[in-house]
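The structure under discussion appears below in the form of structure tokens.
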Amino acid sequence: MAPSTLRFQQFTTASEVAAPFRRALADCWVEVTNAGGAAGFPFPPVDAATVLPALDRIIDQLSADTCRLLAATVDGQLAGWLIARRDRSELIAHWGTLHHVQTRLAVRGRGVGRALVEEARRVARDEMGLEQLRIAVRGGVGLEGFYGRLEWREIGRWPGALRFAAGDDRDEVLMLLAPL
């Protein structure tokens, strides 16, 4: 992929997310979930009717101070997205979390996920004034290695915290990126 084809968009209010883009976000979420991705719905298959209410709740919470949607596009088409969120409490307002990190299957292996997470790091540091980011990922699917290559470090695990089916328990892996 030529670097010039990758673009980022940031959304900080619900009114910025037009209906066609909202649908593209939902389509991505359905695709990623149904392919086994750990993006918020543990029991595929899902469809747009399942995903859209959850997406609307996220979009309704968008705010420049506390919750941003960051999207990557390739040749004008949605390639991936994530949520960067911070708590309003002064005690923990210096750190944020990433949620729903996902990329379309067609762009996997082309550096889009890496670029999206790196852009989230920049936005968190330079625009949101954060000092560290956290994420919780599903163990056993290679995410620890992906984030590890991006300078994140594992800071803990909840063994068997996620139950997908009888006999299919997975660790939830807590990871930290600090300093930004």
Side-chain angles (χ1 to χ4, degrees), residues 6-17 21-22 24-26 28-29 32-33 37-42 51-73 78-104 107-108 111-158 161-162 170-180:
L6 180 64
R7 302 274 187 264
F8 297 105
Q9 280 183 276
Q10 229 184 118
F11 301 89
T12 59
T13 65
S15 63
E16 295 172 328
V17 185
F21 199 76
R22 176 181 167 267
L25 293 166
C28 179
W29 205 349
V32 168
T33 299
F41 291 97
V51 169
L52 283 168
L55 180 61
D56 286 342
R57 285 189 296 276
I58 291 169
I59 290 171
D60 287 344
Q61 294 176 8
L62 294 178
S63 160
D65 292 336
T66 59
C67 185
R68 297 182 183 207
L69 189 155
L70 183 62
T73 59
L78 181 69
W81 63 279
L82 60 75
I83 297 295
R85 185 175 287 143
R86 77 146 31 98
D87 196 286
R88 293 182 189 270
S89 169
E90 291 179 28
L91 185 62
I92 57 175
H94 62 287
W95 61 265
T97 56
L98 295 187
H99 301 270
H100 307 293
V101 179
Q102 52 195 290
T103 58
R104 301 295 302 246
V107 299
R108 298 262 171 101
V112 172
R114 175 185 193 90
L116 184 59
V117 172
E118 294 278 337
E119 179 67 2
R121 179 184 196 168
R122 186 198 66 73
V123 167
R125 180 189 61 230
D126 299 346
E127 297 179 27
M128 296 177 78
L130 297 174
E131 297 172 20
Q132 58 181 269
L133 284 172
R134 299 175 187 188
I135 192 168
V137 301
R138 181 184 306 170
V141 293
L143 294 172
E144 303 100 307
F146 170 78
Y147 286 101
R149 290 186 294 278
L150 298 176
E151 300 179 8
W152 292 70
R153 70 181 197 281
E154 183 177 326
I155 58 169
R157 273 179 191 256
W158 289 320
L162 307 171
R170 314 262 180 94
D171 293 353
E172 185 163 36
V173 182
L174 309 175
M175 301 194 77
L176 174 71
L177 180 62
L180 296 181

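Starting from 1, each residue takes its place in the sequence as its number. Since the model is a prediction, treat every value here as computed from it, not as a measurement.
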Which pairs pass side-chain hydrogen bond (donor to acceptor under 3.5 Å, both in side chains) with one or both residues in residues 80-91, sequence neighbours excluded? Gln61-Arg85
Quick one: list whatever passes side-chain contact (heavy atoms from CB on, under 4.5 Å) with Arg153, sequence neighbours left out. Ile155, Leu176
Under the salt bridge (Lys or Arg N to Asp or Glu O under 4.0 Å) rule, what pairs show up with a residue in residues 128-149, not counting sequence neighbours? Glu144-Arg157
Reported CD1-to-CD distance for the pair Ile92 and Gln132, which is rounded to 0.5 angstrom: 10.5 Å
According to ring-ring contact (aromatic ring centres under 6.0 Å, His included), who are the partners of Trp152, at least two apart in sequence or on a separate chain? Tyr147
Residues passing the side-chain contact (heavy atoms from CB on, under 4.5 Å) test with Ala72, sequence neighbours excluded, are Leu6, Phe8, Val112, Leu116
What distance do Leu25 atom CG and Gln102 atom CD have between them, rounded to the nearest 0.5 Å? 8.0 Å
Trp29 vs Ile58, test: side-chain contact (heavy atoms from CB on, under 4.5 Å). Steps then yes/no. CA-CA 13 Å; Trp29 205 349; Ile58 291 169; 3.8 Å; yes
Determine the minimum heavy-atom distance between Ala38 and Leu143, stating which atoms define it. CB-CD1, 4.4 Å
Between CD on residue Glu127 and CD on residue Gln10, distance to nearest 0.5 Å: 4.5 Å
Taking side-chain contact (heavy atoms from CB on, under 4.5 Å) as the test, write out the residues that go with Arg22, two or more places apart. Val17, Leu52, Leu55, Asp56, Ile59
Find out whether Phe146 and Val101 are in side-chain contact, i.e. whether some heavy atom of one side chain is under 4.5 Å from a heavy atom of the other. no
Can you name the closest pair of heavy atoms from Ala71 and Leu78 and give their distance? CB-CD1, 3.9 Å
Is the shortest heavy-atom distance from the side chain of Val123 to the side chain of Glu119 under 4.5 Å? yes
Between the NE2 atom in His99 and the SG atom in Cys67, the distance rounded to the nearest 0.5 Å is 7.5 Å
Measure the spacing between CG of Leu180 and CD of Glu151 and express it to the nearest 0.5 Å. 10.5 Å
If every non-hydrogen atom of Pro42 is compared with every non-hydrogen atom of Gly40, which pair is closest and at what distance? CD-O, 3.7 Å
Any side-chain heavy-atom pair of Val141 and Arg170 under 4.5 Å: yes
Side chains of Arg108 and Val32: closer than 4.5 Å at any heavy-atom pair? yes
Nearest 0.5 angstrom please: Met175 CE to Leu133 CG, how far? 12.5 Å
Apply side-chain contact (heavy atoms from CB on, under 4.5 Å) to Leu69 and Ile83, showing your working. CA-CA 5 Å; Leu69 189 155; Ile83 297 295; 3.9 Å; yes
Identify the heavy atoms of Leu62 and Ala14 that sit nearest to each other, and give their distance. CB-N, 4.2 Å
Steps toward side-chain contact (heavy atoms from CB on, under 4.5 Å) verdict (His100, Leu82): CA-CA 5 Å; His100 307 293; Leu82 60 75; 5.9 Å; no
